[in-house]
Amino acid sequence: MRTTFPVFDRLPEYENATGCYDCNDGCAMLYSAGVEEWVYTDYIQKLNKSGFKCCRENELQGNLYATYTGAGLTVQICYVPSEKALRIVADPHTAGFDWMPKRAERPEKTKLYQMELDFRAIDCGMCYMVKCDDGSFFVIDSAHMNSTQDHIRIHDMLKKLNGEKAKIKIAGWFFSHAHQDHIVKFMDFIEFGFDDYEIEKVYYTFPALHIPGSEHWSESDKETMREFDALMDRHPELCRVKLHTGQRFYVRNLQFDVLATHEDIYPQPLNHFNDSSTVLLMEAEGEKVLWLGDAGTVESDILERRYGALLASGIVQVAHHGFHGATAAVYELAKGKVLLFSTSSKHYAANLYREANQKAIALCREKYIAGDGTVELMLPYEPGTARVWDREIADD
């Protein structure tokens, strides 16, 4: 099994693997089922003895995570007691990230924006921006190819929020998953030729196109992923960070915990592409924000089983635009007081019958729909203080 992926040859010997998984981009994972915690501890000791450096150990609701570097690898080790499962990810290509927060000397207010997108030709797409305390930005996803001008509108919004500064500083751009309504307008943004911005790091992890379950994905999704990979190859200046479950990283004053990725689906097949979403828990100025992407029922079960009350967040991005996505159990645990729906009012209303939406709405105090206008939330958020911008796009 160790010879299946050459990257495993750089790791200390591990005898308990019951499977291995192609994590894409030259990265691979060893998996063990039915093991006790001592196996995790034992492998940590092997890494230490082999000269690997511990960057961070992290415990989230009893789940154990550690990040090591050495032999040209970033190694992520995860032990989940509820599953009695150990995962060892060996990543030879990811860039590093900040292990500690960076606070501005003269901090600005941290603000979260749900952007109004052009939903006239499509019911989905999402773009969020967080303005950090130094005035730089963390951007989440983009918009659908059918929202034809939204890459320009994303740029114009960043420029507006940037004020008089000469350059738009994008400290990080994160992609929840590789569906067209989440990545295509980033691709158009990069290719358009804007010359007044800088992107420090791009954060994502997309699955390999040939893994079990991929036969159920649409060919258009696969083609979009190939186009994205080709774009990243054409732009080596874009520093790529491949995220793995259990990592804690910082972008300026923002703290992120990676709660789930496509790697957690294994050994099940990844039949539903939405379950390749990377789920993040963000904390800024004491406010927690749960970014669910398009996470579906399989990832929801993982989140519920592993994290329970840890999911509690003041602000929750509703999964899959409020369509068929995360389960009612996830929203019951999250207890979001503010819900963010990245769709139009028409399609929000058409999905109110869903049990998950009914549970989330019953628990919330405020909800904001992207099609009704860009909304601005200052963090930490005080109820009733959201500012909704005038709509830019009239209904068709």
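These values consider heavy atoms only, across backbone and side chains, with no hydrogens, waters or symmetry-generated copies.
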Do Thr205 and His262 pair up side chain to side chain, a donor and an acceptor below 3.5 Å, judged on atom types alone? yes

Give a yes or no answer on whether the side chain of Asn24 reaches the backbone of Phe206 with a donor-acceptor pair at less than 3.5 Å. yes

If you take the centroid of each ring, where Trp contributes its six-membered ring, are Phe97 and Tyr203 closer together than 6.0 Å? no

Please lay out, stage by stage, how Lys169 and Arg252 fare under the test side-chain contact (heavy atoms from CB on, under 4.5 Å). CA-CA 12 Å; Lys169 177 81 76 172; Arg252 303 301 196 264; 3.9 Å; yes

Determine whether the aromatic ring centres of residues Phe52 and Tyr68 are separated by less than 6.0 angstrom. no

What about the rings of Phe256 and Phe174, do their centers lie closer together than 6.0 Å? no

Indicate the ring-plane relationship of Phe189 and Phe194, choosing parallel, tilted or perpendicular according to the 30° and 60° boundaries. tilted

In terms of relative ring orientation, are Tyr21 and Tyr266 parallel, tilted or perpendicular, with 30° and 60° separating the classes? tilted

Answer with yes or no after comparing the ring centroid distance for Tyr197 and Trp173 against a 6.0 Å cut-off, counting only values under it. no

Residue among Arg387, Lys109, Lys131 satisfying side chain to side chain contact (heavy atoms under 4.5 Å, CB included) with Met378: Lys109

His320, His144, His321 screened by ring pair (Phe, Tyr, Trp, His ring centres under 6.0 Å) with His182, the one that passes: His321

Could you check whether any side-chain N or O of Lys84 sits under 3.5 Å from a backbone N or O of Pro81, counting only pairs where one atom can act as donor and the other as acceptor? no

Looking at Asp275 and Gly296, would you say the former's side chain and the latter's main chain have a donor-acceptor pair under 3.5 Å? yes

Using the rule given for ring pair (Phe, Tyr, Trp, His ring centres under 6.0 Å), can you reason through Phe273 versus His179, listing the C-alpha separation, both sets of side-chain angles and the distance that settles it, and then say yes or no? CA-CA 8 Å; Phe273 194 77; His179 264 149; 4.9 Å; yes

Any donor and acceptor pair, going by atom type alone, linking the side chain of Asn253 with main-chain N or O of Glu285 inside 3.5 Å? no

Would you please classify the geometry between the Tyr79 ring and the Tyr40 ring as parallel, tilted or perpendicular, with 30° and 60° separating the classes? tilted

Distance-only, no hydrogens or angles: does the Tyr307 side chain make a donor-acceptor pair with backbone N or O of Leu259 under 3.5 Å? yes

Pair Glu116, Thr374: side-chain N/O donor-acceptor within cut-off below 3.5 Å: no

Are a donor atom and an acceptor atom from the side chains of Thr224 and Gln180 found within less than 3.5 Å of each other? yes

Apply the test side-chain contact (heavy atoms from CB on, under 4.5 Å) to residues Asp181 and Met126: give CA-CA distance (whole Å), side-chain angles for both, the deciding distance (0.1 Å), then the verdict. CA-CA 7 Å; Asp181 58 319; Met126 73 181 218; over 6 Å; no

Is the side chain of Gln317 donor-acceptor paired with the backbone N or O of Gly293 at a distance under 3.5 Å, no angle test? yes

